[in-house]
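These notes concern the structure reproduced below.
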Amino acid sequence: MNENEILSQLNDRQQEAVLQTEGPLLILAGAGSGKTRVLVHRIAWLMDVNGVRPWNILAITFTNKAAEEMRRRVETITDLESGSVWVSTFHSLCVRILRRHADLLGYSRSFTIYDTDDQMTLMKRVFKEHPGDLRSMKERAVLSAISKAKDELTDVSAFRLENKDFYGEKTAALYEAYQRNLKESNAMDFDDLIVNTVRLFEQHPEVLDLWQERFHYIMVDEYQDTNTAQFRLLSLLAAKSGNLCVVGDDDQSIYKFRGANIRNILSFEKIFREASVVRLEQNYRSTGMILKAANEVIRHNRGRKEKTLWTERGDGEKVRFRRFDNAFEEAEFVCGEIASDVRSGNSRYGDHAILYRTNAQSRLFEEKFLLANIPYKIVGGVNFYSRKEIKDLLAYLRMIANDADDLSVRRIINVPKRGIGAATVARLDAYAQAGGISLCDALAEIERIPGISGAAASKLTGFAGLIAVLREKAGYLPVHELLRETADLTGYTKELELENTDESKARLENIEELMNKASQYDAGEETPTLTGFLEEISLIADIDTLEDSDDRVLLFTLHAAKGLEFPDVYMTGMEEGLFPGSLSIHADNPQEEIEEERRLAYVGITRAMNRLTLTCARSRMVRGDIMPMPISRFVREIPKELLDLGSTGEAPARRKPGGGLDERLRSALMTDAGRLTFGKEFHEDTESAYSGRSTYRNPYLKGQGAAGRTPGSAPPAARTPSGGSGFGYETGDLVRHIKFGQGTVREMKYTDRGCMVTVDFQSWGVKKMRAEVANLVKCN
DNA sequence: TATATAGTGTTTTTT
DNA sequence: ACACTATATA
C-alpha cells in the first residue's frame, strides 16, 4: 500500500500514531479505539513507505491468537512478504531467543518448560527435601512469593537481603532450592523464560547487540499488563534504536496479581523523557449506551489517566439488568435468551459471549447448554493439558527429549503400574543425588545401586529398556507416531481399555485428541521436532486455538475475554462477594483491589458491541453453602437511565433488605418470567438448532453421527405430553442424544417439571433428563 | 505394594 | 462441592 491508502483508513489521532515512527511513543488507546488497526497500519507504513525490512520489526502481543490475527492483517495490506515480521508473545519471543543461547546460561537447548502444575509438584518435592518446621507454610504461597520476586527481577541473594524475617529467610531458602532443582532438571518455569532472557542480555552484551541489531522497531500491545521484568527486557532491546512504541490502556490493567506494573504505563513519559503521547478516544465498537455505562463505572476509579470514550454510533439499546432467585435460573435465562435470539434469525450462536468472574461459574451454563443442545465452548478453565492422562504421556515425551527432567521421570516411573514402589524410587533417587546425576543416568547403572534387590532391579531394567526403545524411535518417528508408540508400548492404552469405565473411555478419547493435536503439529510445521511440540503446548493457551469460523456460544472468565469483542455480551454473577470478590472487598488494601475489579468490569462492559446484559442471583452456592448475594456495586454505579430493568422492574438502587411481601411477589414474577422464556419457546428453538444452522460437532462421538442431524430429518415431536409419550419415542425404544449417543429408554415419568426420561446410554450409562430439552431422537 | 476410606483444606483471575 | 492426603488394611 502507498501512503495515501494507509492514511485514508485512519482517523487523525490514528494517523498521528502511525506517522510517529521514530523514538519512543506511548499510545493511550481506549477500549475499541482501533489499536490493532493502528499497529497493523504502522507496520505496513514502516515496510511499504519507509522501506524497513520485515525482519527488523518486532511486535509483541498478549496472546498467540492476537499475534496470528495481527500477522494475518499485516499480510493482507502490505505489498511485502510479512512472514519475517516477528509477531509473538513475550514468552514465545523469549523461548526463541533462549533456544539459541541457553548454553551461555548453563542450560541445554532442549530445556523443558514447567507449567503451573509442574511448579507445584516441584515445590512439594523441595518441601520434602527441606528439613525443619515448614509445616505452617504453604507451597502455593511460597510459589507466589517466588513468582512475584521473579517478576521484579529479584534473584535469590537480593531476595535474601530484602527479606530478613523468619518467613523471609525460609522462603529464600526454598527459592534457592527450587531454582537449583529447576536448573538440575534443565527446566525453566514461565517466569524464568523472561528473567533468563534479561540475564542473558545483561551478562552477554554481544548477544544483546545481536538482537538489538535485529529489531530496529519494537511495538508492544497490551502494554498496561507488562511487569517489571518484561519492561526491563523491552528497555534492553530498544536501547540502541530507541524505537519503542507501546499501546495500552491503564483502565484495562487487570493482571496486577501476575506482576503487571501499572506504573509502567503511568510513568512511561518519565522514563522515556522525549516520548510522544497519542490518545485514541473514539470508540468504533460499542453503542452509546454501552459506552456511557462503561465510562460511568470506570469514573469511580482514582489514579487513572483521565479519558472519556465517545462514539459516532447511535445510543442503541439500554443495558439490560436481570436478577434471579438463584444461579440456576440465571443460567436458564441466559440460555433461553440466546436460544430464542438465534431462532429468530437475528444472530448466530457465535455472536454471543457469556462472561463471569470465576471459572467455577461456567458449570451451570454448561449443563444448560448441553441439555438444550446449544453449541458452546468454554475457554480456559480446566486445561486440557492438565488432565492426568495427558500429563502422563507428555511426561514420557519430556523425559525422552530432556533426560535431566527428573520430575517427569518420577511422574511416570510407575505409571502404568509396573511394580516400582516408593522405596525403590527413593533408593534410586539417593544414588542419583549422591553421584550428582539425573534419575535417567542412574537407571543406566542399576546394578551398582545399593539396596535394590533382584526383583526391583529387573523391573527398573525393564523400564530403562522401554525408555531406550522410545528414545531410539524418537530419532525417526514424527511426534504423533511417537506418541502412539508411547501409549502402546508403555501399556497405557491397554490399561485404560481393560478398565472399561466411563472415565477410562473419556481418558482414551483425550489421548486420541492429543494425538490429533500432534498430527496437526507435524503437518503444520516445516521442521517438526519433539521439543518444538512440547514447547508449543506449554505456551499455547486455550484461547489461541479458538476458530472464528465455528458458530458456538463462548464462555469466558472476564480475564480471558480481554482483547475480544462480541455483538451480544452477558456479564453474569454481578454480585457483591463474587464480583467484586470477597477477597478484594476484605483485602488489607481494599481500595486498590476493588479498583482492579472495577477495571475488570470495565473490560467486560466494553467487550459488547450491540447489546449488553447484566445478570445476577439473589443467592448462590459458595463452597458448599447457600449465600445471599447483594447486587454488585458495579451495577449500581451505572445510572438508572442507562438500564433496562425488565418488566418486573427491580431498581438496583433501592432494593429493600430482608424482602417484604412486595419483594417476594416480585421474586415470584421474576421466576415465572424466566420459566416462560425457557419453557415454551425454548423447545421450539432447540428443534430449529437441530434442523440446520448448527455446526456443532460433538467431540465425544467419532465418525458418523458426530454432527447434528441433517436438515429436514427433525422429528415431529409433539410437545403436549398428554396421553401417550408425545415425544416420538416410548419406553424400550432406542434413542440417540447428541452428546451421549445411543441408548435405550428405561422410564418416562411425568412430573410438574415436565416429562423426565431415563435413558440407559450404551457408552455413558444411565442418565435422567428433561424430555423437553433432551432432544432425543428415536432410532430405527 | 496397592487400594479403600476418612479427613482435610481450598480458589479468583493466567502466560 | 470437590480434590487431594494420610492412614489402615489386604
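Note that the structure is a prediction, hence the values are computed from the model and not measured. Below, chain A is the first sequence line, B the second, and so on; all start at residue 1.
Salt bridge status for A/Arg258 with A/Asp151: absent, with no side-chain N to carboxylate O gap under 4.0 Å.
C/dA6 sits 22 Å from B/dT11 when the C1' atoms are compared, rounded to a whole Å. For the C1' atoms, the distance linking B/dT12 with C/dT5 amounts to 24 Å, nearest Å.
Checked against A/Arg411 for a salt bridge (charged side-chain N to carboxylate O under 4.0 Å, His left out), the options A/Asp392, A/Asp117, A/Asp118 give a single hit: A/Asp392.
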*Along nucleotides 3-10 of chain C, 5' to 3', which nucleotides get a B, which get an S, and which get a -, given that the test is a protein heavy-atom distance under 4.0 Å?*
--S-----
*Per-nucleotide protein contact string for nucleotides 5-15 of chain B (B base, S sugar-phosphate only, - none; heavy atom under 4.0 Å)*: -----BSBBBB
*asked:* Determine whether A/Leu233 and A/Cys94 satisfy the following criterion, side-chain contact (heavy atoms from CB on, under 4.5 Å), listing intermediate values before the conclusion.
replied: CA-CA 10 Å; A/Leu233 183 69; A/Cys94 288; 3.7 Å; yes
*Could you walk me through whether A/Gln252 and A/Tyr602 pass side-chain hydrogen bond (donor to acceptor under 3.5 Å, both in side chains), step by step?*
CA-CA 7 Å; A/Gln252 291 188 67; A/Tyr602 178 77; 5.6 Å; no
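Annotation: A/Arg109, atom CZ; neighbour count of heavy atoms from other residues, nucleotides and ligands within 6.0 Å is above 12.
By the 30° and 60° cut-offs, the orientation of the rings of A/Tyr255 relative to A/Phe62 is tilted.
Residue A/Arg304 holds its CZ atom at 8.5 Å from CG of A/Asp249, rounded to the nearest 0.5 Å.
Shown here are the ring pair (Phe, Tyr, Trp, His ring centres under 6.0 Å) partners of A/Phe111, two or more places apart in sequence or in another chain: there are none.
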